[in-house]
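For ligands, and for the atoms within them, numbers begin at 1 and follow the listed sequence.
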Amino acid sequence: MAEATTTIKGCSFLIDDPPPEVVHTTEELSDDVEMMADTIRKFIDDKIIPQADDIDNMKEGLMLDLFHQAGELGLLMAEIPEEYGGMGLKFFDAMYLVQYMAAGGSFGTASMAHVGIGTLPILFFAKPELKERLLPDLATGVKMAAYALTEPGAGSDALSAKCKAVPTEDGKAYLLTGNKQFITNGAWADVVTVFAKVNGEDDKFTAFVVETPCDGYEVSPEEHKLGIRGSSTCALRFKDCKVPADNILGGIGDGGKIALNILNLGRLKLGIGAVGGAKISMKSAVTYGMQREQFKTPIAKFGLIQQKIAMMASGIYAGDCMTMRTAGHCSDAIDAMAGQGGSMAKLKVLEEFLVECAIEKIYQSEMLDRVVDETVQIYGGYGFTTEYPAERYYRDARIARIYEGTNEINRLVIAGTLFKRVAQGRLALGPVVMKTMGAVMGGKLELPKFDGPLGEMKQRVWQAKRMFHLTAAAFQQGMGSKVTDQMAVMGQQECLGWMADMVMEIYAMESTMLRTQKLIDTKGQDEAKLGIALTLYHADRASRTIMSAAQNVITTIANPGAAVGLLKAADALNPWRPKNMRDLDRQIADAVIATDGELRV
Ligand SMILES: Cc1cc2nc3c(=O)[nH]c(=O)nc-3n(C[C@H](O)[C@H](O)[C@H](O)COP(=O)(O)OP(=O)(O)OC[C@H]3O[C@@H](n4cnc5c(N)ncnc54)[C@H](O)[C@@H]3O)c2cc1C
């Protein structure tokens with residue numbers, strides 16, 4: 001991977017106009033990383049896909065056997081440092097591999113929960129002796145890990161947990177009592193990070209590593225699920241379950257910090273995995289669409305089917321551009337902090353990019369849902385049967401909008417964090433808002449002209465950002481002095497949701513534009529033809545969402561006197577442009593069909 005010229009700050013894309021050099025692309029990956037990706041692909045193709053039905057039917061011992069095989073092949077150790085028996089890959093490289101690993105449906109869920117939320121709390125927060133004892137076995141899949149935060153009464157509101165930890169008289173251990181709900185790998189896990197409150201006190205929310213089996217630990221029967229049926233999801237019961245004090249992660253009261261920081265990384269990985277899943281689904285849909293003939297024509301040749309293929313391809317392209325951009329920004333920032341805090345530096349970086357991680361989680365899980373839905377449609381009646389894989393893709397995808405923080409909660413995280421960072425002085429939105437408002441209201445707004453094949457796109461991204469500034473100003477104006485009061489801001493969920501949608505679409509538009517510009521710069525305009533078409537296609541949907549979200553916020557919250565002027569200003573900043581979408585549809589679909597359903601940009 002090439003060295004970055006500069007490290008980027010989280011959320012800065014809303015106020016800066018960065019050059020293409022700041023994004024990393026998969027072309028920069030080393031041969032070693034590509035070889036590792038091939039190994040994962042081969043494992044999924046040879047071992048997972050042919051046994052998908054048996055996996056989903058929970059064939060006795062199968063998932064654990066596959067998990068151990070993956071461990072022996074070294075597929076579970078990318079992020080674990082060499083000193084603990086792992087590979088210690090560069091962050092960007094490890095994130096790239098997630099796309100292949102996470103795409104394996106139920107197996108992907110089990111293995112990603114193990115390497116991510118299961119293992120990382122130990123890697124980041126355990127005492128050295130515990131790391132030395134557990135990490136080598138977790139790296140090789142000898143042991144499996146799980147993460148137990150959710151409780152029956154504490155889902156989205158995870159910090160309201162009731163699970164309690166009482167110290168033993170000698171202070172050398174804690175007795176855990178309570179219930180955890182929906183725990184991935186629950187039936188199989190040897191090591192579980194469990195969150196509980198010491199003596200039930202809110203400010204003593206703490207993470208404990210429970211090594212199973214042990215007294216006072218009980219696994220409830222498997223949940224019967226809509227999708228990812230081959231993964232284990234169980235409730236866990238704790239009754240005076242004794243855990244050594246040495247198994248506390250961080251210190252007493254660090255549980256909230258650990259839970260939320262681990263989820264940041266989980267959200268980025270979920271987004272990357274969703275892109276991988278969408279690629280598999282599109283390939284399957286296109287292959288079927290070329291084989292299935294109706295009216296003596298392969299159905300993939302019909303305009304309305306091509307439209308679906310173009311939608312899938314543009315969503316996947318945006319997903320690739322966005323996730324690799326976020327992974328690259330994090331990777332650069334981690335490298336810049338090298339030698340300053342090890343694992344903790346990584347967590348600090350992930351906190352900096354908390355908004356971008358939440359964007360990936362929402363945007364890619366919703367993109368995946370559109371792709372799998374249209375995959376079923378392309379398969380027609382056969383898509384509704386269990387004989388074909390489309391229905392499984394459809395069912396398996398649905399969970400991505402629910403776990404790792406629901407998409408509603410993540411929308412609130414995006415907008416809430418922005419306003420919090422503005423209040424903390426971490427995001428200088430104020431001056432750019434004033435500048436945009438001054439230019440727009442004073443009738444002095446001049447749209448800058450940009451050159452090149454993406455000149456118009458650059459202008460549209462420029463406008464979209466100013467549109468967000470205008471909308472933020474409308475929100476601030478409507479909220480008055482309450483804008484610095486987090487509770488009051490959180491009371492405006494609908495507006496926060498619309499603003500989160502704007503932020504996501506701006507990031508998506510800009511990420512595709514920067515990646516495609518880089519492609520033009522390195523390979524020339526001709527080679528970048530598909531990338532340009534995908535960028536323009538994607539911008540159509542994104543621009544419409546941005547415009548309507550801005551109008552919704554302004555008409556909802558700005559005072560009526562100001563709303564008229566603000567709406568007029570929004571019109572002047574509207575990033576949407578009419579396009580011949582039919583020709584773009586056909587150009588993209590033909591290109592994807594020519595590469596057998598793979599996106600080769
Ligand atoms: C298959 C599966 C695997 C899972 N794996 C794990 C795991 O390994 N470890 C773990 O700890 N947990 C796990 N979970 C739990 C998962 O993270 C939770 O289900 C999720 O966080 C939502 O909590 P909940 O189900 O209690 O829903 P609730 O919190 O009750 O939410 C219900 C609905 O209300 C909405 N809502 C809630 N609060 C608000 C609000 N303030 N504003 C607006 N809308 C709101 C939600 O978005 C959602 O749409 C798993 C769940 C499933 C189904």
Looking at Lys47, is its backbone amide N or carbonyl O close enough to the side chain of Gln51 to form a donor-acceptor pair, meaning the two atoms are under 3.5 Å apart?
yes
With distance as the sole test, does Glu222 use its side chain to make a donor-acceptor pair with the main-chain N or O of Thr233 at under 3.5 Å?
yes
Within-cutoff protein neighbour (heavy atom, under 4.0 Å) for [atom]:
atom                    : result
atom 32 (C) of ligand 1 : no
atom 35 (C) of ligand 1 : no
atom 13 (C) of ligand 1 : yes

Where does [X] meet ligand 1, judged by heavy-atom distances below 4.0 Å: at the side chain, the backbone, both, or neither?
X      : answer
Asn407 : neither
Leu149 : both
Asn185 : neither

Write out the residue and atom name of the closest protein heavy atom to [atom], then the distance separating them to 0.1 Å.
atom                    : result
atom 26 (O) of ligand 1 : Gly155 CA, 3.2 Å
atom 29 (O) of ligand 1 : Ser156 OG, 2.6 Å
atom 44 (N) of ligand 1 : Glu408 CB, 4.0 Å
atom 45 (C) of ligand 1 : Ile409 CD1, 4.3 Å
atom 4 (C) of ligand 1  : Phe182 O, 3.0 Å

Look only at interatomic distance and state if [X] has a nitrogen or oxygen under 3.5 Å from any nitrogen or oxygen of ligand 1.
X      : result
Gln493 : yes
Thr150 : yes
Tyr147 : yes
Thr184 : yes

Can we say [X] and [Y] salt-bridge, meaning some charged N sits less than 4.0 Å from an Asp/Glu carboxylate O?
X      : Y      : answer
Glu356 : Lys361 : no
Arg411 : Glu366 : yes
Asp320 : Lys279 : yes
Glu211 : Arg133 : yes

Check: [X] ring centroid to [Y] ring centroid under 6.0 Å:
X      : Y      : result
Phe195 : Phe208 : no
Tyr393 : Tyr388 : no
Phe475 : Phe419 : yes

Going by salt bridge (Lys or Arg N to Asp or Glu O under 4.0 Å), Asp56 matches just one of Lys225, Arg392, Arg229. Which one?
Arg392
Just checking, is any N or O donor in the side chain of Ser281 or Thr375 under 3.5 Å from an acceptor N or O on the other one?
yes
Of all the heavy atoms in Leu412, does at least one lie under 4.0 Å from an atom in ligand 1?
yes
Please could you name the atoms of ligand 1 that Thr406 approaches to less than 4.0 Å, counting only its heavy atoms?
22 (C), 46 (C), 47 (O)
For atom 2 (C) of ligand 1, tell me which residue out of Val194, Ile399, Ile402 has the closest non-hydrogen atom.
Ile399
